[in-house]
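Each ligand, and each atom within it, is numbered from 1 in the order the structure gives.
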Amino acid sequence: MILVTGGAGFIGSNFILDWLSHADTSVIALDKLTYAGNLGNLAALTSDPRFTFVQGDIGDTGLVSQLLSTHQIHAVVHFAAESHVDRSIHGAEDFIQTNILGTFRLLEACRAYWAGLPKAEAAAFRFLHVSTDEVFGSLSAEAAPFTETHLYEPNSPYSASKAASDHLVRAWHHTYGLPVVTTNCSNNYGPYQFPEKLIPLVILKALAGDPLPIYGDGQQIRDWLFVTDHCAAIREVLARGTLGETYNIGGWNEQANLSVVHAICELLDRLSPRANGASYAHQITHVADRPGHDRRYAIDARKIERELGWRPSETFETGLEKTVQWYLQNADWVQNVQSGTYRDWVRQNYTERS
Ligand code: NAD
Ligand code: DAU
């Protein structure tokens, strides 16, 4: 059985669905169900005997230790985190608590469990830490994409907290020998992404007839990867990654934010045209920039391709169309996540920018 932290979030839930469609190993998801956690993402597994959900905090050492030993966990895939840069700018406390302190406590619980395993099981145990390309900071337009040896230069409270967690994971391997691997991935998009992030936010605001908020000049560049490609990469790293190593994961797909938003508008113009025939692109609005906004991220994903044979299978065109279709076809999911607290966040983040 594997333990997936943050399994009710965007990537965690996609990972569990993907894992259970490829392997017969059972999965236990541990998730605190913050605003970003949603059991609706895992509704398809309600009666699947291979799946168990536990609501709880990665920082609850007693709970984590009990789950590890009761279920004889052989791998931990650690997604749980506070993940939104803008929220980290408004208030960093939860990011420090979960991303740093929570990861520390999880590592300690795993270390105690792993130290008590019989030799062969201890050797097979894995702690896979899911991290981000944001730990490397911002690239100039001409700079080569991030490799695994790129300097850590995190610029936001979010990326600083993820960088700290990466360093803890590294240290638990070097000092205690805990069998860890870390992945640093670029921007994901796809089904079940909470609509605080650019792509789902723009799809839903467009359909609602609201302004589409572009921070600053919209020329910031991200390297977009369809979420199931990320899940496949994690499966490969878990199965065959070298202990103590880090693997960069990316889409070879650099796009300026404004181009992403135009691409979404063009898809919506075709798939869900406005009654008056006008393009959704007319709703694009430039708003105040994100403080400390990183200009460009790009991943050099040659190591994972060379060592593990992984490459993304989805193109941005096919992945984005699947994503837009998913949001059009899942109105109930959308309605459920757009609660009062979601509306409060949108008001807080966007009113002061306009
Ligand atoms: P998300 O915000 O959608 O999900 C995070 C999940 O973690 C939620 O279900 C939440 O309830 C849970 N959680 C938060 N604090 C917790 C705690 N203390 N204990 C237990 N559960 C807790 O995030 P996501 O986009 O799915 O990202 C998952 C991971 O992947 C994060 O570690 C993030 O840093 C990393 N990552 C994300 C991206 C991206 O583009 N979204 C890219 C690279 C890496
Ligand atoms: O690079 C990986 C990271 O990608 C992950 O580690 C993070 O968890 C994930 O949230 C994501 O971070 P970004 O800050 O890049 O994602 P976000 O969707 O918030 O923003 C993408 C770009 O779009 C960024 O340049 C900011 C811009 N943006 C975002 C929002 C929400 C806008 O222009 N307008 C917006 O309203």
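- Using a 30° and 60° split on the angle between ring planes, Tyr297 and Phe146 fall in the tilted class, from 30° to 60°.
- Applying the 4.0 Å criterion to heavy atoms of Asp57 picks out, from ligand 1, the atoms 17 (C), 18 (N), 19 (N).
- Protein heavy atom at the shortest distance from atom 27 (O) of ligand 1 is Ile11 CD1, 3.8 Å.
- Among protein heavy atoms, the minimum distance from atom 25 (O) of ligand 2 is reached at His293 NE2, 2.7 Å.
- For the residue pair His74 and Glu121, no side-chain donor N or O sits within less than 3.5 Å of a side-chain acceptor on the partner.
- Salt bridge status for Arg270 with Glu266: absent, with no side-chain N to carboxylate O gap under 4.0 Å.
- Every N/O-N/O distance between Thr132 and ligand 1 stays at or above 3.5 Å.
- The shortest N or O to N or O distance between Thr34 and ligand 1 is under 3.5 Å.
- Considering both main-chain and side-chain atoms, Gly9 comes within under 3.5 Å of ligand 1 through a nitrogen or oxygen pair.
- Remark: ligand 1 atoms within the under-4.0 Å shell around heavy atoms of Lys162 are 31 (C), 32 (O), 33 (C), 34 (O).
- Considering only non-hydrogen protein atoms, atom 21 (N) of ligand 1 sits nearest to Lys32 N, 3.0 Å.
- Neither the backbone nor the side chain of Asn99 comes within contact range of ligand 1; no heavy atom lies under 4.0 Å.
- Close N/O approach between Ile58 and ligand 1 is found [any backbone or side-chain N/O within under 3.5 Å].
- Nearest-heavy-atom check against atom 23 (O) of ligand 2 across Val135, Asn257, Ile199, Asp133 picks out Asn257.
- The distance from ligand 1 to the heavy atoms of Gly56 drops below 4.0 Å at these ligand atoms: 19 (N), 20 (C).
- Under a hydrophobic-cluster definition in which Ile, Leu, Val, Met, Phe, Trp and Tyr are linked whenever side-chain heavy atoms come within less than 4.5 Å, directly or via other members, Val130 and Val64 are assigned to different clusters.
- The single protein non-hydrogen atom nearest to atom 29 (C) of ligand 2 is Tyr215 CE1, 3.6 Å, given as residue, atom name and distance.
- Residue-level proximity to ligand 1 for Tyr158 is carried by the side chain, the only part with a heavy atom below 4.0 angstrom.
- At least one N or O atom of Asp31 sits closer than 3.5 Å to an N or O atom of ligand 1.
- By the criterion of a heavy-atom distance under 4.0 Å, neither the backbone nor the side chain of His78 is placed next to ligand 1.
- Protein heavy atom closest to atom 25 (O) of ligand 1, with residue, atom name and distance, is Phe10 CD2, 3.7 Å.
- Interface atoms of ligand 2 facing Ile214, defined by a heavy-atom separation under 4.0 Å, are 33 (O).
- Electrostatic pairing of Asp86 and Arg353 counts as a salt bridge here, judged by a charged N lying under 4.0 Å from a carboxylate O.
- In terms of protein heavy-atom proximity, atom 20 (O) of ligand 2 is closest to Arg290 NH2, 3.9 Å.
- The nearest protein atom to atom 29 (C) of ligand 1, hydrogens excluded, is given as Phe79 O, 3.2 Å; this is a heavy-atom distance.
- Of the protein's heavy atoms, Ser83 OG, 2.6 Å lies nearest to atom 2 (O) of ligand 1.
- Among protein heavy atoms, atom 16 (O) of ligand 2 sits closest to Asn187 ND2, 3.4 Å.
- Near Ser131, meaning under 4.0 Å from any of its heavy atoms, are these atoms of ligand 1: 43 (C), 44 (C).
- Across every non-hydrogen atom of Ile73 and Tyr113, the tightest pair is O-OH, 2.8 Å.
- A cation-pi arrangement is absent between Lys197 and Tyr189, since the terminal nitrogen or guanidinium carbon is not both under 6.0 Å from the aromatic centre and inside a 45° cone about the axis.
- Any N or O atom pair closer than 3.5 Å counts here, and Asp86 shares no such pair with ligand 2.
- Those atoms of ligand 1 with a heavy atom of Gly37 less than 4.0 angstrom away are 8 (C), 9 (O), 11 (O).
- The heavy atom nearest to atom 7 (C) of ligand 2, considering only Pro195, Ala81, Ser83, Ala36, is found in Ser83.
- Those atoms of ligand 1 with a heavy atom of Asn187 less than 4.0 angstrom away are 40 (O).
- Residue Ser186 has no N or O atom closer than 3.5 Å to an N or O atom of ligand 2.
- In this structure, His167 and Tyr152 have tilted ring planes: the angle between them lies in the 30° to 60° band.
- Each of Phe79 and Val85 belongs to its own hydrophobic cluster when Ile, Leu, Val, Met, Phe, Trp and Tyr are linked at side-chain heavy-atom distances under 4.5 angstrom.
- Nearest protein heavy-atom contact of atom 5 (C) of ligand 1 is Ala81 O, 3.4 Å.
- Each of the following atoms of ligand 1 lies closer than 4.0 Å to a heavy atom of Val130: 30 (O), 32 (O).
- At least one N or O atom of Pro213, backbone or side chain, sits closer than 3.5 Å to an N or O atom of ligand 2.
- Cation-pi geometry between Arg87 and Tyr158 is not met: the NZ or CZ atom fails to fall both under 6.0 Å from the ring centre and inside 45° of the normal.
- Protein heavy atom in closest approach to atom 43 (C) of ligand 1: Cys185 O, 3.3 Å.
- Close contacts of ligand 1 with Ser186, meaning ligand atoms under 4.0 Å from a residue heavy atom, involve 42 (C), 43 (C).
- Closest to atom 40 (O) of ligand 1 among all protein heavy atoms lies Asn188 N, 2.9 Å.
- Every residue was checked against the salt bridge (Lys or Arg N to Asp or Glu O under 4.0 Å) condition with Arg306, not counting sequence neighbours, and none meets it.
- Annotation: Leu201 places no N or O atom under 3.5 Å from an N or O atom of ligand 2; distance criterion only.
- Backbone and side-chain nitrogen or oxygen atoms of Glu82 are examined, and none is located within less than 3.5 angstrom of a nitrogen or oxygen of ligand 1.
- Here the options are Thr246, Thr132, Asn184, the test is side chain to side chain donor-acceptor pair (under 3.5 Å), and the partner is Asp166; only Asn184 passes.
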